[in-house]
Amino acid sequence: MIKSTGYAAQAADSGLAPFSFERRDPGAHDVQIEILFCGVCHSDLHTVRDEWHNAIFPVVPGHEIVGRVTAVGSHVKKFMVGQIAGVGCMVDSCQHCGSCDEGLEQYCENGFTGTYNDPEKQTGGQTYGGYSNNIVVNENFVLHVSEKLDPAAASPLLCAGITTFSPLRHWKVGPGHKVGIVGLGGLGHMGVKLAHAMGAHVVLFTTSVSKKADALRLGADEVVISKDPEQMAAHLNSFDFILNTVAASHELDAFLVLLKREGTMTLVGVPEFPHPSPSVANLIFKRRHLAGSLIGGIAETQEMLDFCAEHGITSDIELIDIQDINQAYERMLKSDVKYRFVIDMASLTKEKKAA
Ligand code: NAP
Ligand code: ZN
């Protein structure tokens, strides 16, 4: 077993603190990665505070992992020691159901294994995520991250990037489309960059007046303050597609009425409390669609990483030491993220010095 260190929550109200644990030795198909950077997703916060009522404590969160390969199993074909590699939200799936066969492991009919907070088949223990110094993952769930991309700024692509890329691709966003992105946080700012790169006319909806200039810089063509009814009314019946990334419960009707006939709003935010039920009339009178989308498959995640390398797209990040993670969560709750916290995992060794 590999002695590992990281940060874990021991209970919903404990916050995150140093934690020592063991990982499996790499098997024949496994890749061992020294973690260099890990992005901080709002899902990490939802999980460690048990807002989704599914936490298996202790939780070591983190599913936006970029690091360097330090060992490979004897049957590993796609990775070599020394390469930069990424791990996202999944580390396993059944690999034989209809969804897995189609490369949609996130919809595995037998349930995929999350990078953290899930039972681990290989050990009978549980998975621990990327707020740690290393990880061991089956090569089928490891991604190639181009050396062209800054590895810290690339780490959020592994969740925020793919979670926005996948629905934009599925609903065929491109030139001539008017696309709304709701919320300028980790997911939202990637949605703006990606939809812009795909050639759409991008309108960013925000509750934070102060984010307007940033949104335009990131690639939005227009910015709407969603709390201002007049600004909202100016866009009635006009959107082909809206990607809603908001992490809190809110009125969906305010956005549904902005879709044109047969337009779709896709939800990716998973708030602790449910949204008020939307009006059926707003859906049926214009045959509008309300949909959801979960991260993306492994092949599509690689496609997204390659798209980002080609277009020079990474996340706008604030690099933090792991010792600052609890304060970062408080700022995330205030929508005060510009636009993704990323943990510099070198900071973990400060614990060793202190110990
Ligand atoms: P985040 O960085 O905290 O961004 C969320 C944004 O939502 C905020 O920056 C804010 O943007 C807006 N917002 C927050 N509270 C709001 C409120 N009460 N009303 C309206 N807008 C509000 O979070 P994230 O990491 O992007 O994650 C967003 C959500 O997606 C989370 O629920 C997360 O769990 C979920 N998620 C889902 C998937 C999936 O596969 N479906 C994957 C990853 C994450 P403004 O300041 O611009 O208003
Ligand atoms: Zn995430």
Side-chain angles (χ1 to χ4, degrees), residues 38-49 51-52 54 61-65 86-90 104-107 112 114-117 129-131 155-168 170 180-193 203-215 218 220 223-228 232 243-252 254-255 266-276 291-297 300-301 304 315-318 328-342:
C38 185
V40 177
C41 180
H42 207 114
S43 301
D44 303 345
L45 187 158
H46 290 304
T47 306
V48 304
R49 299 197 176 180
E51 293 178 356
W52 294 335
N54 67 348
H63 57 207
E64 294 186 335
I65 297 166
V87 178
C89 302
M90 301 181 281
L104 298 169
E105 298 89 351
Q106 75 275 35
Y107 303 117
F112 69 82
T115 302
Y116 61 83
N117 198 50
Y131 295 12
S155 63
L157 301 178
L158 276 304
C159 174
I162 185 59
T163 302
T164 48
F165 183 87
S166 182
L168 292 170
H170 183 78
I181 306 287
V182 189
L184 197 67
L187 267 54
H189 94 290
M190 289 313 308
V192 168
K193 289 187 185 205
V203 181
L204 184 273
F205 294 94
T206 181
T207 58
S208 309
V209 179
S210 63
K211 292 181 183 173
K212 186 169 177 177
D214 279 346
L218 293 167
V223 178
V224 172
I225 307 304
S226 54
K227 290 173 181 165
D228 178 343
M232 294 291 276
L243 184 63
N244 186 329
T245 75
V246 172
S249 168
H250 63 283
E251 294 285 347
L252 301 179
F255 299 101
T266 296
L267 306 178
V268 288
V270 190
E272 178 180 9
F273 302 107
H275 299 298
S293 183
L294 179 68
I295 45 175
E300 193 173 45
T301 304
M304 176 275 308
S315 181
D316 281 34
I317 64 164
E318 193 174 325
Y329 278 19
E330 290 309 316
R331 283 184 51 195
M332 188 152 62
L333 281 176
K334 293 184 202 137
S335 302
D336 177 22
V337 186
K338 303 276 171 47
Y339 280 91
R340 196 60 141 184
F341 292 115
V342 170

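Residues take their numbers from the sequence shown, with the count starting at 1. Note that ligands are numbered from 1 as they come in the structure, with each ligand's atoms numbered from 1 the same way.
- A donor-acceptor distance shorter than 3.5 angstrom exists from the side chain of Glu64 to the backbone of Ala160, with no hydrogens or angles considered.
- No donor-acceptor pair closer than 3.5 Å links the side chain of Thr245 to the backbone N or O of Gly269.
- In this structure, Trp52 is part of the shell of residues with a heavy atom less than 4.0 angstrom from ligand 1.
- In this structure, of Ser226, Pro156, Ser43, the residue bringing a heavy atom nearest to atom 44 (C) of ligand 1 is Ser43.
- In plain terms, the two heavy atoms of Leu267 and His275 that are nearest each other are CD1-CD2, 4.2 Å.
- Compare Ala160, Pro167, Gly269 by their heavy atoms: the one nearest to atom 30 (O) of ligand 1 is in Gly269.
- At a 3.5 angstrom cut-off on N or O pairs, Ala248 does not count as close to ligand 1.
- Nearest heavy-atom pair, Ile162 versus Pro167, reported as atom, atom and distance to 0.1 Å: O-CD, 4.2 Å.
- Heavy-atom contacts of Ile295 reach the following atoms of ligand 1: 39 (C), 40 (O) (cutoff under 4.0 Å).
- In summary, Glu318 and Arg331 engage in a salt bridge, as defined by a charged side-chain N under 4.0 Å from a carboxylate O.
- Each of Lys193, Arg340, Lys338 was checked for a side chain to side chain donor-acceptor pair (under 3.5 Å) with Asp316, and the lone residue meeting it is Lys193.
- For His63, the N, O or S atom with the smallest separation from the Zn ion (ligand 2) is NE2.
- Contact detail for Tyr116 and Gly129: the closest heavy-atom pair is CB-N, 3.4 Å.
- Ligand 1 has Met332 within reach: a non-hydrogen atom of the residue lies less than 4.0 Å from it.
- Of all the heavy atoms in Thr115 and Gly88, the pair that sits closest is OG1-O, 2.6 Å.
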CA sep, side-chain torsions, deciding dist, call: Val40, Tyr329, side chain to side chain contact (heavy atoms under 4.5 Å, CB included)
CA-CA 9 Å; Val40 177; Tyr329 278 19; 3.5 Å; yes

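- The contact set between ligand 1 and Val270, taken as ligand atoms under 4.0 Å from a residue heavy atom, comprises 32 (O), 35 (C).
- Ser155 places no side-chain N or O within donor-acceptor distance of the main-chain N or O of Cys38, the cut-off being under 3.5 Å.
- Here the shortest heavy-atom distance to atom 47 (O) of ligand 1, taken over Leu294, Thr207, Thr206, Ile225, belongs to Thr206.
- Using 4.0 Å as the threshold, Gln106 has no heavy atom nearer than that to any atom of ligand 1.
- Pairing each heavy atom of Leu168 with each of Gly191, the nearest pair is CD1-O, 4.0 Å.
- Side-chain atoms of Tyr339 never come within 3.5 Å of backbone atoms of Gly188 as a donor-acceptor pair (strictly under, hydrogens ignored).
- Ranking protein heavy atoms by distance to atom 16 (C) of ligand 1, first place goes to Val246 CG1, 3.8 Å.
- Protein heavy atom at the shortest distance from atom 32 (O) of ligand 1 is His46 NE2, 2.9 Å.
- Using a 4.0 Å cut-off to heavy atoms of Lys211, the atoms of ligand 1 that qualify are 9 (O), 11 (O), 45 (P), 46 (O), 47 (O).
- Per-residue contacts place Ser208 under 4.0 angstrom from the following atoms of ligand 1 (heavy atoms of the residue considered): 45 (P), 46 (O).
- Under 4.0 Å from ligand 1, heavy atoms of His42 appear from its side chain as well as its backbone.
- A donor-acceptor pair under 3.5 Å is absent between the side-chain atoms of Lys211 and the main chain of Thr206, judged by distance alone.
- Residue Gly62 comes nearest to Asp44 through the heavy atom pair N-OD1, 3.7 Å, listed as atom of the first residue, atom of the second, then distance.
- For atom 26 (O) of ligand 1, the nearest non-hydrogen atom of the protein is Leu187 N, 2.8 Å.
- Polar contact with ligand 1: present for Val268 (N/O pair, distance under 3.5 Å).
- Close contacts between ligand 1 and Ser293 involve ligand atoms 39 (C), 40 (O), 41 (N) [criterion: under 4.0 Å to a heavy atom].
- Among the atoms of Tyr339, none of the N or O lies under 3.5 angstrom from an N or O of ligand 1.
- Looking from atom 8 (C) of ligand 1 to the surrounding protein, the closest heavy atom is Ser335 OG, 3.6 Å.
- Among protein heavy atoms, atom 4 (O) of ligand 1 sits closest to Gly185 CA, 3.3 Å.
- Scanning all protein heavy atoms for the shortest distance to atom 39 (C) of ligand 1 gives Thr163 CG2, 3.4 Å.
- With hydrogens and angles disregarded, a donor-acceptor distance shorter than 3.5 Å links the side chain of Thr164 to the backbone of Gly161.
- For a distance bound of 2.8 Å, the N, O or S atoms of Cys41 include one lying that close to the Zn ion (ligand 2).
- Those atoms of ligand 1 that come under 4.0 Å of a heavy atom in Gly183, given as number and element, are 11 (O), 47 (O).
- Ser293 places no side-chain N or O within donor-acceptor distance of the main-chain N or O of Val268, the cut-off being under 3.5 Å.
- Across Asp214, Asn244, Thr245, heavy-atom proximity to atom 29 (C) of ligand 1 is greatest for Thr245.
- Closest protein heavy atom to atom 11 (O) of ligand 1: Leu184 N, 3.3 Å.
- Contacts between Ala247 and ligand 1 below 4.0 angstrom, taking non-hydrogen atoms only, involve backbone and side chain alike.
- Where the criterion is an N or O separation shorter than 3.5 Å, residue side chain and backbone included, Gly186 meets it with respect to ligand 1.
- Taking every non-hydrogen atom of Cys159 and a distance limit under 4.0 Å, the qualifying atoms of ligand 1 come out as 42 (C), 43 (C).
- Atoms of ligand 1 lying under 4.0 Å from any heavy atom of Arg340, numbered from 1 in the order shown and given with element: 24 (P), 25 (O).
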What verdict does the side chain to side chain contact (heavy atoms under 4.5 Å, CB included) test give for Leu218 and Leu204, after you've listed the backbone C-alpha separation in whole Å, the side-chain angles of each residue and the deciding distance to 0.1 Å?
CA-CA 10 Å; Leu218 293 167; Leu204 184 273; over 6 Å; no

